[in-house]
Amino acid sequence: MYTISNRLKIGSFILMAVGALCMGIGFIGAPSTEAEALEMVASHHDGHGDGHGAAADHAAAADHEAVGHGEEHAAGGHQMSHGEHVLHQLQNRPWAALYVAAFFFFMIALGVLAFYAIQRAAQAGWSPLLFRVMEGITSYLVPGGIIMFVILVMSVLHWNHLFVWMDPEVVEHDALIKGKSGYLNGWFFLLRAAIFLGGWILYREYSRKLSLRQDEASDNANFKLNFRISAAFLVFYLISESMMSWDWIMSVDPHWFSTLFGWYIFASMFVSGITVIAMVTIYLKSKGHLEHVNDSHIHDLAKFMFGISIFWTYLWFSQFMLIWYSNIPEEVTYYVTRIADYKLPFFGMIAMNFLFPILLLMNSDYKRINWFVIMAGIVILAGHYLDIFNAIMPATVGDQWFIGIPEIGGILFFAGLFIFWIFRALATQPLEPKRNPFIEESKHFHY
């Protein structure tokens, strides 16, 4: 049985402590007045040239007037001042950094849950040796889901301004958002979130219980029941994941929508989850565990990493190309703001999520080299963090973005929590299933 080392525990706690400190600095350092906000922007722009600062200020104001993101107040002909707009952006930044990091690590566990359910429903013969790894990673759904729900509750209670449609004054003077208020309202939003999280966690816990029961059973009844509930769960998952992506990510831009968005976010979380399965498996192998896992298992995981990266790119291009070609103002503004203000993370994300996986994992032999798969995995995970960063930040902080102390703090804190929680879960049960009907096929799997 795997035992979590003290070094790993201490490392995880250090990450969480440093991350919490950095996030605290981010919240404390947020401006409280318009004058402070404008002074912070001016000092930042001074470090990059006055011309750039003036141009950025003008672009931010012009973009705010043109795009509207629901923050224009038409009452009495009054429109939010540039200073007030910048204040809201800078106050949003630590919240947005927290939200991006919380969602990123939660989506990894959710992507693994989908992969796990697919393996169960398909009765795959190659993967049973990896089931305990997947179950360990999906254990993070509980703390990660609670944190996500708390952040959403804070948003509904107006502790932050991540979701502009939650502001009653904005809704009152925005006909488009007002027309969506039957769906986009705080309590219905939280109810949907509770249903999504409840369904995902309930399946994970019940499937895990059946998996452990199967090890001690004298027949395959638990295995067959797990197969049936996994097949049914995938229907729920596809519906709930799409709605979750609309609610938790797309609605930060309530004037914009894409019919591909649910699939696009699914591809990002799916490849991230499979990547973490491969990385955790390789780590456990290096510590002398999972003795029957061989290079063919790693090769197949790397094939999924490669293939789903191509699938993600196909969805990204399809969404971008159709919007660019039609050139409808309310659709194209999504990409205009990102290309104008987020060039480095926007185009860097494409390179990291498409070009690097092709260059690193196209060769079949490289898929069997553990350090090569780890290197590719690090690039893929960093790229998909940027993917979520690009989805959230433009609507919440505008052009006042920067990957600094709050963003790094969020990554460190949730990485520490994620690592500690999944390895603690892995230490509770033997890493190799005993009575799965396909366990021998998995042990002798060779490609």
Side-chain angles (χ1 to χ4, degrees), residues 1-2 108 111-138 204 207-208 210-217 219-220 222-231 234 270-311 357 360-377 380 422-423 425-426 429-447:
M1 182 182 292
Y2 169 74
I108 291 174
V112 173
L113 187 70
F115 190 71
Y116 176 78
I118 289 170
Q119 300 304 307
R120 288 283 186 186
Q123 297 191 359
W126 71 277
S127 57
L129 279 173
L130 305 176
F131 280 174
R132 292 290 184 266
V133 175
M134 300 182 208
E135 290 165 5
I137 298 170
T138 55
R204 186 270 165 189
S207 181
R208 162 80 163 176
L210 292 175
S211 180
L212 295 176
R213 280 183 187 171
Q214 181 62 30
D215 283 356
E216 309 302 327
D219 57 24
N220 293 329
N222 292 295
F223 173 82
K224 293 176 181 177
L225 179 56
N226 215 342
F227 157 73
R228 290 195 294 271
I229 67 167
S230 296
L234 286 172
F270 200 50
V271 70
S272 298
I274 294 168
T275 298
V276 171
I277 294 172
M279 296 173 77
V280 172
T281 300
I282 290 171
Y283 172 80
L284 292 172
K285 282 285 290 181
S286 73
K287 298 300 180 182
H289 303 284
L290 298 175
E291 60 178 318
H292 291 106
V293 171
N294 56 49
D295 290 345
S296 294
H297 295 95
I298 304 301
H299 179 274
D300 267 24
L301 288 171
K303 281 199 298 185
F304 277 109
M305 290 164 60
F306 173 79
I308 305 302
S309 292
I310 304 303
F311 177 58
L360 297 179
L361 295 176
M362 179 175 284
N363 188 300
S364 184
D365 293 335
Y366 292 166
K367 296 184 181 76
R368 296 173 178 270
I369 302 174
N370 288 349
W371 69 266
F372 220 84
V373 175
I374 292 290
M375 181 174 64
I380 288 171
I422 67 172
F423 282 99
L426 288 169
Q429 296 291 337
L431 292 178
E432 187 173 298
K434 300 175 185 176
R435 283 211 68 260
N436 186 290
F438 297 104
I439 193 66
E440 291 302 319
E441 181 179 345
S442 185
K443 288 179 180 179
H444 297 94
F445 173 68
H446 289 285
Y447 179 79

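Sequential numbering from 1 along the given sequence is applied to the chain's residues.
- For the pair K367 and I298, the minimum side-chain heavy-atom distance is 4.5 Å or more.
- Using cut-offs of 30° and 60° on the angle between ring planes, the pair W126 and F304 is parallel.
- Around atom CZ of F372, more than 12 heavy atoms belonging to other residues, nucleotides or ligands sit under 6.0 Å away.
- The distance from atom CD1 of I380 to atom OG1 of T275, rounded to the nearest 0.5 Å, is 4.0 Å.
- Nearest approach of S230 to R120, heavy atoms of both residues: OG-CB, 3.2 Å.
- Taking each heavy atom of P433 and P128 in turn, the nearest pair found is CG-O, 3.4 Å.
- Distance CD1/I229 to CG/L234: 10.5 Å, rounded to 0.5 Å.
- Counting only heavy atoms from C-beta outward, the side chains of M134 and I277 approach each other to under 4.5 Å.
- One finds the CG atom of D215 at 8.0 Å from the CD atom of Q429 (value rounded to the nearest 0.5 Å).
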Passes side chain to side chain contact (heavy atoms under 4.5 Å, CB included), L129 versus L290? Steps please. CA-CA 8 Å; L129 279 173; L290 298 175; 5.9 Å; no
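- What you find for F227 and A121 is that their closest heavy atoms are CE1-O, 3.1 Å.
- Two residues are said to be in side-chain contact when any heavy atoms from C-beta on lie closer than 4.5 Å; I118 and F270 meet this criterion.
- Residues in residues 292-302 take part in these salt bridge (charged side-chain N to carboxylate O under 4.0 Å, His left out) pairs, two or more places apart or across chains: D300-K303.
- For residues 283-292, the side chain to side chain donor-acceptor pair (under 3.5 Å) pairs, not counting sequence neighbours, are H292-E432.
- Atom CD in E441 sits 9.5 Å away from atom OG in S127 (nearest 0.5 Å).
- Checked by atom type and distance alone, the side chain of E135 never pairs as donor or acceptor with a backbone atom of L130 at under 3.5 Å.
- Annotation for V373 and A302: closest pair CG2-CB, 4.2 Å, computed over non-hydrogen atoms.
- Of all heavy-atom pairs between R435 and A217, the closest is CD-O, 3.0 Å.
- In this structure, the separation between NZ on K443 and CG on N436 is 10.5 Å, given to the nearest 0.5 Å.
- Heavy-atom minimum distance, V276 versus I108: CG2-CG2, 3.5 Å.
- Looking only at atom types and distance, the side chain of Y116 has a donor-acceptor partner in the side chain of S207 under 3.5 Å away.
- Not counting sequence neighbours, F306 has no partner by the ring-ring contact (aromatic ring centres under 6.0 Å, His included) test.
- Between V133 and V293 there is no side-chain heavy-atom pair separated by less than 4.5 Å.
- In this structure, the side chains of R132 and P430 stay at 4.5 Å or more apart for every pair of heavy atoms.
- A distance of 6.0 Å separates CZ of F445 from NE2 of H297, quoted to the nearest 0.5 Å.
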